[in-house]
Amino acid sequence: MTDSQNLGHEQRQVRLAKLKKLEEMGINAYPQIYRPTETSASLATKYETLANDTVTEDVVKVAGRIRAIRNSGMFIDIYDSTGKVQIYTSKNDSSEELLQMLDLLDIGDIIGVEGIVKRTKRGELSVSSMKITMLAKALLPLPEKFHGLTDTDTKYRQRYLDMITNPETTETLIKRSKIITAIRTLLLDQGLLEVETPLLHVIKGGATAKPFITHHNALDMDLFLRVAPELYLKRLIVGGMEGVFEIGRNFRNEGIDTRHNPEFTMMEIYRQYNDYTDMMTLVEQIFETAALKVNGTTDVEIDGKKISLKGPFQRRTMASLIEEYAGVDFLSIQSDEEARAVCDKLGVPVADDADWGHCMAAVFEEKCEQHLIQPTHVIDHPKSISPLTKEHRDDPRLVERFETFVNTWEMCNAYSELTNPIDQRERFEEQVKARDAGDDEADMMDEDFVTALEHGMAPTGGLGVGIDRLIMILTSNLSIRDIIAFPTMRKK
RNA sequence: GAGUGCGUAGCUCAGCUGGUAGAGCACCUGACUUUUAAUCAGGUGGCCCUGGGUUCGAAUCCCAGCGCGCUCACCA
């Protein structure tokens, strides 16, 4: 970046001069390796009982980034991944070499320090330096440490600066990693197999969403970045795998806001001889396990709302929620025309050719979602908005599907998977019709997938979990950009 | 995509109804073997986001653009 060369011009010049001086002293300011013997945390544990104003005889090596220099270098705070270590250097009894190095240090430098463990009069556990080794000379100044970095643009574009100056940013990213590990462990323990399926799709399918399109040169063929892994994971079930899951990125070419990033992390799970009720239980296990693992409790608070992730979650049919919040018994409506008239009366906008199912979904979104704060499985969706879902065993207008809502956000989407190839072909044909009519989010016909079903797929339960939103809930963050290390940004 | 707010030193922010740029931290010089956002004295540092316009004069007012936030639309 030519940008960085202009940044902090004056302060950069000062640091370059110090770097030059190090070179003249025969010091490599970016050495190959340094191996500390202790961390901030290990020192704190080992010397917990060391009394104030006490010097040990223990020589240790620590390393970290300089965050503060006080009293002309007498006290230096360095931070490693476990916390702070104070470095103490007395000018009175230090070598010429050490004092010279002291002069060349700046806030932001990464150094290694070999010295003796002591606790100062004021009670700060410290390393009394004998030798300071430059491990990485920083040429640019860090943001001010008291306020930290607050400019959102810089936080997202230069996340490392955000991490260095705002510990909660790092904590959130660590939690993110732990949540995913906890879920992965749970699923592996249940005997599921973690698999990988293509990100480059020849046919867009598995979700109603606008895709990113890219091009393969050698094949001279357009490809879609996947909007969902669903259709490939099901092929693995057809092939005989008992249960599979994939945690990975989906790409959807849609708007960016506090809950949407163009690439986001989705987890999908498929298990033979399960239906959607089994998937509800699995959702509860996943949420509870992740919460307990990273927070030690199933209680969370987000946006001032207290939420309990302890299962079982309430199950509510979409129809019953509509009845409660909109006062309409949608199941008694017989025709598309009547459904559109009801929407009109409720002030819910729908397309002129919207069918009964689309109307029902629209009313649910407008009138019900906003009330779903505590975890709720919304079950039994209309068929026409669910092209990959098995028909409901009690009502052919509905499907065996649920979406789990928390804090009004859709967290999960799950079905008794559609396995009937004849039915699946018809559903695809309806999607193609919608697509031809201008709905570029509708699915394409996937002949190869229908062929797979024609070979026979066992009854299967499937579940998709929006991992980013789960992480938002578990870390009490209201913006997806705060739980993704590098959110998508406009080119500067 | 629409509405709206913001953009001033490396960072965090002031800057009134227009009069030619400020603070704290950081940086430099010095003091103090003391600290915990160390302190004290002095100093350096600015394409006031970009481009137009109004005006004797614009960081300030107007228009357009760029970037970011928020809300809405689309969606998970």
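With centroids closer than 5.5 Å and planes inclined by less than 30 degrees as the test, A:F264 and the base of B:rA76 pass as a stacked pair.
Looking at the side chain of A:D153, the nearest of the listed nucleotides B:rC13, B:rU34, B:rC68 is B:rC68. When the nucleotides B:rG24, B:rC74, B:rU36 are ranked by their closest atom to the side chain of A:K210, B:rC74 comes out on top. Among the nucleotides B:rU36, B:rG69, B:rC70, the one closest to any side-chain atom of A:Q86 is B:rU36. Which of B:rC32, B:rU35, B:rC27 sits closest to the side chain of A:S72 comes down to B:rC32. Comparing B:rU12, B:rA37, B:rC74 by their closest approach to the side chain of A:K145 singles out B:rA37. The side chain of A:I107 lies closest to B:rA26 when the candidates are B:rU71, B:rU12, B:rA26.
There is no side-chain donor-acceptor pair under 3.5 Å between A:H377 and A:E403. A:D151 and A:T154 share a side-chain donor-acceptor pair at under 3.5 Å.
Across all strands shown, A:T165 has no heavy atoms under 4.0 Å from either base or sugar-phosphate atoms. A:D257 comes within 4.0 angstrom of a nucleotide base, judged by non-hydrogen atoms across all strands. Counting non-hydrogen atoms under 4.0 angstrom, A:T120 reaches a base of the nucleic acid. The residue A:E124 sits close to a base: some heavy atom pair falls under 4.0 Å. When heavy atoms are screened at a 4.0 angstrom cut-off, A:G464 is found touching no nucleic acid atom at all. Counting non-hydrogen atoms under 4.0 angstrom, A:K491 reaches the backbone sugars and phosphates but no base. A:G255 comes within contact range of at least one nucleobase, with a heavy-atom separation under 4.0 Å. Contact annotation for A:M266: no contact, since no heavy-atom pair falls under 4.0 Å across all strands.
Taking the ring axis of A:Y88 as reference, the NZ or CZ atom of A:K118 stays within 45° of it and closer than 6.0 Å to the ring centre.
A donor-acceptor contact under 3.5 Å is not formed by the side chain of A:E144 with the base of B:rA26.
Per the geometry, CZ belonging to A:R157 stands 11 Å off C1' belonging to B:rC66, to the nearest Å.
In a base pair of the Watson-Crick type (N1 to N3 plus N6-O4 or O6-N4) or a G-U wobble (N1-O2 and O6-N3), with each distance short of 3.5 Å, B:rU71 is matched with B:rA2.
With both ends at atom C1', the span from B:rA26 to B:rA9 equals 10 Å, rounded to whole Å. Look at the P atom in both B:rG10 and B:rC27: the space between them is 15 Å, to the nearest Å. Only the C1' atoms considered, B:rG65 is 39 Å distant from B:rC28, to the nearest whole Å.
The stretch residues 465-492 of chain A participates, sequence neighbours left out, in no ring pair (Phe, Tyr, Trp, His ring centres under 6.0 Å) pair at all. Annotation: side chain to side chain donor-acceptor pair (under 3.5 Å) contacts involving residues 464-480 of chain A, sequence neighbours excluded, comprise A:R176-A:D468, A:H260-A:R469, A:T475-A:N477.
Between A:N413 and A:D106, the residue anchored nearer the 5' end of RNA chain B, judged by the nucleotide with its closest heavy atom, is A:D106.
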